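Predicted model only: the values in this text are computed from it and were never measured.
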Amino acid sequence: DHLTAVKFESASNGSFDDFVAALPPNDCRYAVFDFTFTAEDGGERQKILFVLWCPDTAKIKSKMIYTSTKDSIRKKLVGIGSEIQATDKSEISHDAVLEKVRRK
């Protein structure tokens, strides 16, 4: 087995919903997304998200590998503004992510 990243290439108008839809329903992935949002003061902000996607329906071995290697991969990435760990689509919904990035 080997680790696979989501290869999601988008023009500047690519949506977060398109990114989430590209995550496989039955396998784990690491992913990075440039998340644009409106801050509470009304200004537009961007945060680079590091996503660990491990759906409940993924094989146990895959979940163990991705979870145990997350920290070492995350440490190699520079400029990550927020980290999201999700096991189902509700944990990576736009509203859930927006709540998390606004807290930091």
Side-chain angles (χ1 to χ4, degrees):
D1 288 322
H2 62 280
L3 303 177
T4 305
V6 172
K7 294 179 182 175
F8 180 78
E9 297 178 16
S10 173
S12 61
N13 62 350
S15 75
F16 184 72
D17 291 336
D18 293 338
F19 167 74
V20 172
L23 297 170
N26 299 313
D27 201 6
C28 301
R29 293 290 188 272
Y30 296 117
V32 175
F33 186 81
D34 190 0
F35 187 75
T36 303
F37 63 100
T38 303
E40 292 177 358
D41 65 3
E44 188 172 283
R45 305 280 191 275
Q46 289 182 296
K47 285 219 178 170
I48 298 175
L49 304 177
F50 174 71
V51 177
L52 170 59
W53 170 247
C54 281
D56 291 330
T57 55
K59 293 181 180 179
I60 290 175
K61 183 177 180 181
S62 181
K63 289 193 272 189
M64 288 174 50
I65 290 170
Y66 275 83
T67 303
S68 66
T69 57
K70 176 194 65 85
D71 287 337
S72 59
I73 289 178
R74 168 65 180 87
K75 287 177 186 175
K76 299 286 184 188
L77 302 174
V78 177
I80 299 297
S82 194
E83 184 177 307
I84 306 293
Q85 294 185 43
T87 59
D88 64 49
K89 297 284 178 147
S90 69
E91 294 176 337
I92 196 166
S93 69
H94 188 274
D95 290 341
V97 172
L98 186 59
E99 181 181 326
K100 181 161 181 138
V101 298
R102 282 184 172 167
R103 277 188 268 158
K104 293 191 175 190

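- The distance from atom CD of E40 to atom CZ of R45, rounded to the nearest 0.5 Å, is 10.5 Å.
- The ring pair (Phe, Tyr, Trp, His ring centres under 6.0 Å) pairs that include a residue from residues 38-64 are Y30-F50, where partners are two or more places apart or lie in different chains.
- Here the closest heavy-atom approach between residue I80 and residue L77 is recorded as CG1-CB, 3.8 Å.
- Connectivity analysis of hydrophobic side chains (ILVMFWY, heavy atoms under 4.5 Å, direct or indirect) links I60 to M64.
- Around the NZ atom of K59, the shell of radius 6.0 Å holds no more than 12 heavy atoms that belong to other residues, nucleotides or ligands.
- Sorted by first and then second residue, the pairs that involve residues 63-75 and meet salt bridge (Lys or Arg N to Asp or Glu O under 4.0 Å), not counting sequence neighbours, are K70-E83, R74-E83.
- When every heavy atom of I92 is checked against every heavy atom of V20, the shortest pair comes out as O-CG2, 3.6 Å.
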Under 3.5 Å, sequence neighbours excluded: what are the donor-acceptor pairs made by side chains of residues 31-38?
residue: D34; atom: OD2; partner: Q46; partner atom: NE2; Å: 3.4
residue: T36; atom: OG1; partner: Q46; partner atom: NE2; Å: 3.3

side-chain contact (heavy atoms from CB on, under 4.5 Å) assessment of F16 paired with L98: CA-CA 11 Å; F16 184 72; L98 186 59; over 6 Å; no

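- For S90, the side-chain hydrogen bond (donor to acceptor under 3.5 Å, both in side chains) test picks out D88, with sequence neighbours left out.
- L52 places none of its side-chain heavy atoms less than 4.5 Å from the side chain of I73.
- Of the inter-residue distances, the one linking K100 atom NZ with Q85 atom CD reads 7.5 Å to the nearest 0.5 angstrom.
- In this structure, SG in C54 is found 8.5 Å from CG in D27, a value given to the nearest 0.5 Å.
- In terms of the side-chain hydrogen bond (donor to acceptor under 3.5 Å, both in side chains) criterion, residue partners of T57 (sequence neighbours excluded) are, by chain and number, N26.
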